[in-house]
Amino acid sequence: MKEMPNVLWLEEIKKEDIISVGGKGASLGEMTAIGLPVPKAFVVTAQAFRRFLIETGIEEELFRRLERLDVDDNGALESVSREVQDIVLAAEMPDQIRQEIVDAYARMGADGTVVAVRSSATAEDLPDASFAGQQETFLNILGETDLLDAVQRCWASLYGARAIYYRAKQGFDDRSVNIAVVVQELIGSEKSGVMFTSHPVTGEPLTIVEGSWGLGEAVVSGSVSPDNYVFDLRSERVVDRLIAEKEIMIVPEGKHGTKTVNLSAKQRTAPVLSEAEVARLATLGKIAEDHYGVPQDVEWAIVGNDFFILQSRPITTIKRPEIPHGGAGPAEKGKGALGVVLVEGQGASPGVASGRVVIVRDVKDTSGVKDGDILVTKMTNPDMVPAMRRVSAIVTDEGGMTCHAAIVSRELGTPAVVGTKKATKLLKDGQIVTVDGEKGLIYDGAVQAPAPAAAPAIAPAAAAAAPVITGTLVKVNVSLPEAAQRAAATGADGVGLLRIEHLILGLAKTPGWYIEHGEEETFIAELYGGIKTVLDAFPGKPVWVRTLDAPTDEFRNMEGGENEPIEHNPMLGWRGIRRDLRSPDQFRLQVEAFKRLWAAGYNNLGVMFPMVNHPGEFVEARSMMKEWGVDVENATLGVMIEIPSSAILIEDFIRAGIRFASFGTNDLIQYTLAIDRNNEHVAEMYQPRHPAVLRLIDYAIGVCRENGVECSICGQAGSDPDMVTWLVEHGISSVSANIDAVPRIRETVARKEQQILLDAARRNA
Ligand code: PEP
Ligand code: MG
């Protein structure tokens, strides 16, 4: 040990040196030796740290304090950790060590090189004890003084509360754990991320690459949802790709540290990597994996055409120490912000919650669902709604942002991740996981105290305290009457879409069942009550109630659903107004409920027909209503524009007498682009702002404006600020957003309107 120098260059390191340079240092040395493109670096060895402890005389004092500590006593853990770290930070670094570090740094580059200073604990990255992320890393360090300070801080971080706790629980003796520090040229990466050289759970030869813009910290810390690419090493092709909304990037700031910057709208949704870049990364990853003989978890960076490998270590997905509860330091930095990511998909409803996995393959399984569980299923059904109310989070294999699970979860305020493709296969009944419904990640273990299942309250007072008046009405979507109060508390200008199928499907019996069993009154009463709840929450504001739009596959599981036709493609089948027109009894019961509400004085009730594809359908529906006694001349009747034909024929609809039209972009996009909105395999091709979709919308808005007909949007795109900015610019008269999105959309609308006014004023000045 005495012989080992204080500083070693990567080129001098072999993997046997792990005891001196830690897992990270040894791995970088090995990678350099096999020719991988590793940025220049030297390591301040573990022996340097030992000499520091001995020569400064702090060693005994420090270990004595640690030995007396009960790590299960959180208060004591925190305070001993602080004391011990202070001792390390206060000690003066011996001259010899200091000089060697300064000399090595000078050899890196003439005018001072910007470096990353990374801890490399010598027990770290051993296959059975991954302590990655427990010790500090300092990025963007420039100059000797800051470098020496960063090295000493890395040393101190060996005694962070979390690190002490883990070591104690893993049976490591503090005296035997050392720390080395890697000082590495900082790559000002334009793109960066991580990759698993083989599938982390199944071990298949699939390289999983996650990437985002800027420095890799954004991906490693989980502060951005990265793009995800799956490269099949057998076919040498990218077989799956999920382009995420990347909101921010981390970049070096000045001479020290980093900062987070917001990405432009274009960068957010642009793919970070080309197919060729993914292939090149996978090849580099494979070299590392072949060399080490086990799948690797690799950090990478790209600058221009230069690829760099920053770190490689064995994947340690399965064996992971339990995360301590309550105050044992900040959340672990690992693959994601909260730990090991088991599965990922699209974040469909924000919030974080932990709980016990319950796999639901059939609605019958929902009887086993307890309060606070994590419901994991292929896709939710309306008859699962009662169970969905009880759980703390929802995870599905299938679906996109507009699927049943996504819509209902958002309304219940329950975190949800959809379109994971394989959650029902990879997760196990009873397993404890944490769901991040914003980033679309499912972590191993209860890595954060469960978020309350209750919906985040939007205080009416808050909405009222800062009223933002917009010329373009900002309304809200509602599907469950129980969400009406939360929806109203947003201060929305009305309800742009009340989906009654959720109400009906929640009854667990089809309309046909009520009709067949002579229970029409019960059905009408249920509808009446549910809609009234929403109308009562929005006195004097328009509430557009949509007639039934449930595809046959959603009815099938309900009582009475046995006779539902089996359709090859229910999305294109027996649903919407086309079904009501051919099922007059079903339509009549809905109309009866509306009639009673109008008679009770709810003049704010408007009725909207879904899935119309020809003005003739509107005319037919209206005349049936007239036949059943509705004063159709004075009723507010409108249509959804969900099929390209209805956008193209908008003028004919207006001539037929619609009072309003509302873009159902969820469907309009799928029918314009031939992309099934619920099919996770084509999810990344589902483009709300595809030029063809925008052209249809633009055209229909124009015609509605010319004719003084209210034109709105109630699809998910109405909750997207960028889309709403575009819509306001193009003259939409109202937008209807999800409950959680209303405040942001209102602000977006206000800002765009003011900009339009300002531009006009300047032009006229
Ligand atoms: C739509 O298609 O955009 C819409 C709002 O209707 P749904 O999501 O219920 O199909
Ligand atoms: Mg629709």
What I want to find out is whether [X] reaches [Y] closely enough, with some N-O distance under 4.0 Å, to be called a salt bridge.
X	Y	answer
Lys246	Asp227	yes
Glu564	Arg579	yes
Asp373	Arg356	yes
Arg588	Glu592	no

Between Gln590 and Asp580, does a side chain to side chain donor-acceptor pair (under 3.5 Å) hold up when you go through it step by step?
-> CA-CA 10 Å; Gln590 298 168 63; Asp580 270 357; 3.1 Å; yes
Keeping the roles fixed (side chain from Asn604, backbone from Phe538), state whether a donor-acceptor pair exists under 3.5 Å.
-> yes
Is it the case that the side chains of [Y] and [X] hold a donor-acceptor pair, with the cut-off being a distance below 3.5 Å and no angle test?
X	Y	answer
Asn679	Tyr686	no
Arg410	Gln716	yes
Gln586	Ser583	no
Glu567	Thr552	yes

Any chance you could measure Glu554, atom CD, to Thr380, atom OG1, to the nearest 0.5 Å?
-> 8.0 Å
Could you tabulate the donor-acceptor pairs under 3.5 Å formed by side-chain atoms of residues 343-350, not counting sequence neighbours?
from	atom 1	to	atom 2	distance (Å)
Glu344	OE2	Asn228	ND2	3.1
Ser349	OG	Ser409	O	3.4
Ser349	OG	Thr414	O	2.8

Return the set of residues passing side chain to side chain donor-acceptor pair (under 3.5 Å) with Ser662 (not counting sequence neighbours), or none when no residue passes.
-> none
Can you spot which of Ile643, Asp676, Leu572 makes a side-chain contact (heavy atoms from CB on, under 4.5 Å) with Gln670?
-> Asp676
Whether over 12 other heavy atoms sit under 6.0 Å from Lys378 NZ | no
Among all residues two or more places apart in sequence or in another chain, which pass the side-chain contact (heavy atoms from CB on, under 4.5 Å) test with Lys421?
-> Asp240, Glu680, His681
Going through the distances and angles, do Arg546 and Met640 end up as a side-chain contact (heavy atoms from CB on, under 4.5 Å)?
-> CA-CA 9 Å; Arg546 186 175 74 179; Met640 302 272 296; 3.4 Å; yes
Please work out whether the ring planes of Phe587 and Phe609 are parallel, tilted or perpendicular, with thresholds of 30° and 60°.
-> perpendicular
